[in-house]
Protein chains: 2
Amino acid sequence: MGPSERDDREALASSVWQRMFELFQSRKDELLAISAEVGLTPAHMHALLALDPDAPKPMGSLAADWKCDASNVTFLADRLEEAGYVERRVSPTDRRVKILALTDAGHAARDRLRRRMSEPPDALLTLTVDQLAALDGVLAALRSDEGA
Amino acid sequence: MGPSERDDREALASSVWQRMFELFQSRKDELLAISAEVGLTPAHMHALLALDPDAPKPMGSLAADWKCDASNVTFLADRLEEAGYVERRVSPTDRRVKILALTDAGHAARDRLRRRMSEPPDALLTLTVDQLAALDGVLAALRSDEGA
DNA sequence: TATTGTTATACTCTATAACTATA
DNA sequence: TATAGTTATAGAGTATAACAATA
């Protein structure tokens with residue numbers, strides 16, 4: 001590959017990235033609106049979505065997964081518990097450990113939230129099926145090469 | 001358009017949106033690293049980038065543009081002014097109004113920051129020129145239809 | 001009297017350090 | 001003695017309300 005091809009690629013990648021960035025900006029306000037709608041702050045909404053519905057985990061693991069301090073997990077869990085969306089279960093093998101599990105209400109709220117969040121921006125829906133398929137195909141190719 | 005085509009489009013758009021979302025997540029830590037690097041908090045970095053380098057604006061207009069409270073603009077301006085990146089100029093036509101203008105150092109810092117921020121995620125650079133051109137073309141088509 | 005920006009104050013989100021209970 | 005989670009406290013970032021200067 002010659003230097004000009006590399007330059008082309010970098011310029012195109014920058015352009016693509018900037019366009020995606022703008023798309024995200026356009027969605028920001030709506031995310032805030034969703035959080036107001038469900039009565040959760042953005043941080044608690046994010047935490048609810050980040051809980052694995054099938055595998056309740058110790059709070060310490062969550063702090064590691066979420067790259068935040070344990071005290072922050074306590075804070076997030078407190079509010080979600082008050083809202084009735086999670087419960088703390090003492091680990092049967094180590095009484096120090098508390099496992100955070102979604103309640104039935106928590107599962108339902110999380111599902112609703114996921115559906116709302118995965119709704120694409122209106123701008124994407126103005127594309128044709130072919131254009132969307134092209135986007136999807138190229139973006140799918142990324143995932144396997146991510147670490148390259 | 002039949003109902004199945006509409007369903008296809010929505011499913012594809014959701015998939016595309018989710019893939020873009022993951023790409024953004026992959027970039028999040030790096031944005032924090034950049035802000036540490038330049039010695040600005042993320043909020044002040046964002047403010048510096050959001051200032052128009054060619055058209056200094058009254059603080060009230062900035063609050064409107066940024067959809068935040070005027071007191072928050074005061075807070076952001078204070079720190080950027082302490083850093084030597086902006087200066088408050090009293091409007092010649094209305095002594096109540098303060099116009100926030102980038103200093104020379106502010107212009108330079110903003111330019112550096114923009115270059116760092118516009119660097120695309122590594123994953124995008126693994127695509128071929130053709131793939132990137134396809135992405136860019138489709139995403140360019142979005143912009144004009146945004147409000148549709 | 002209305003408006004611009006500031007100050008005082010409060011709330012959210014995050015972190016660090018000290019604490020408790022268990023191990 | 002070490003570890004899991006909590007509490008106390010602090011700082012960043014945002015908002016609302018009261019205020020000063022100017023219009």
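Lettering follows sequence order; numbering is per chain, from 1. Small disclaimer: the values here were computed from a predicted structure and weren't measured.
- Other residues, nucleotides and ligands place more than 12 heavy atoms under 6.0 Å from the CG atom of A/D7.
- Using a 4.0 Å cutoff on non-hydrogen atoms, the parts of residues 93-103 of chain A near DNA chain C are A/D94, A/R95, A/R96, ordered by number.
- Screening residues 44-61 of chain A for salt bridge (Lys or Arg N to Asp or Glu O under 4.0 Å) gives A/K57-A/D65 as the qualifying pairs, with residues at least two apart or on separate chains.
- Sorted by residue number, the members of residues 41-66 of chain A with any non-hydrogen atom under 4.0 Å from DNA chain D read A/P58, A/M59, A/G60.
- On the nucleic acid side, DNA chain C has its first and last nucleotide under 4.0 Å of a heavy atom of chain B at C/dA2 to C/dT7, going 5' to 3'.
- Residues B/D69 and B/S71 have side chains that bring a donor and an acceptor to within less than 3.5 angstrom of each other.
- Between the CG atom of A/L32 and the C1' atom of D/dA15 there is a distance of 13 Å, given to the nearest Å.
- Remark: A/F21 pairs with B/F24 by the ring pair (Phe, Tyr, Trp, His ring centres under 6.0 Å) rule, at least two apart or across chains.
- Protein atom CG of B/N72 is 16 Å distant from nucleotide atom C1' of D/dA17, rounded to whole Å.
- Applying the side chain to side chain donor-acceptor pair (under 3.5 Å) criterion to A/D111, with sequence neighbours excluded, gives no partner residue.
- Applying the ring-ring contact (aromatic ring centres under 6.0 Å, His included) test to pairs two or more places apart or on separate chains, those with a residue in residues 42-73 of chain B are B/H44-B/F75.
- Taking A/R95 as the reference, A/V90 meet the side-chain contact (heavy atoms from CB on, under 4.5 Å) condition, with sequence neighbours excluded.
- Legend: residues meeting side chain to side chain donor-acceptor pair (under 3.5 Å) with A/D136, ordered by chain and number and at least two apart, are B/S15, B/R19.
- Heavy-atom nearest nucleotides on DNA chain C were determined for B/D78 and for A/D69, and the one closer to the 5' end corresponds to B/D78.
- By the side chain to side chain donor-acceptor pair (under 3.5 Å) test, B/R116 pairs with B/E37, B/E119, sequence neighbours left out.
- Of the residues in residues 82-90 of chain A, those placing a heavy atom less than 4.0 Å from an atom of DNA chain D are A/R88, in numerical order.
- Every residue two or more places apart in sequence or in another chain that forms a side-chain contact (heavy atoms from CB on, under 4.5 Å) with A/P121 is listed here: A/L23, A/S26, A/R27, A/L124, B/W17.
- Here B/M20 contributes atom CE and A/L142 contributes atom CG; the two are 10.0 Å apart, rounded to the nearest 0.5 Å.
- A distance of 10.5 Å separates CG in A/L132 from CG in A/L139, rounded to the nearest 0.5 Å.
- Counting heavy atoms from C-beta outward, A/I99 and A/R88 have side chains that stay 4.5 Å or more apart.
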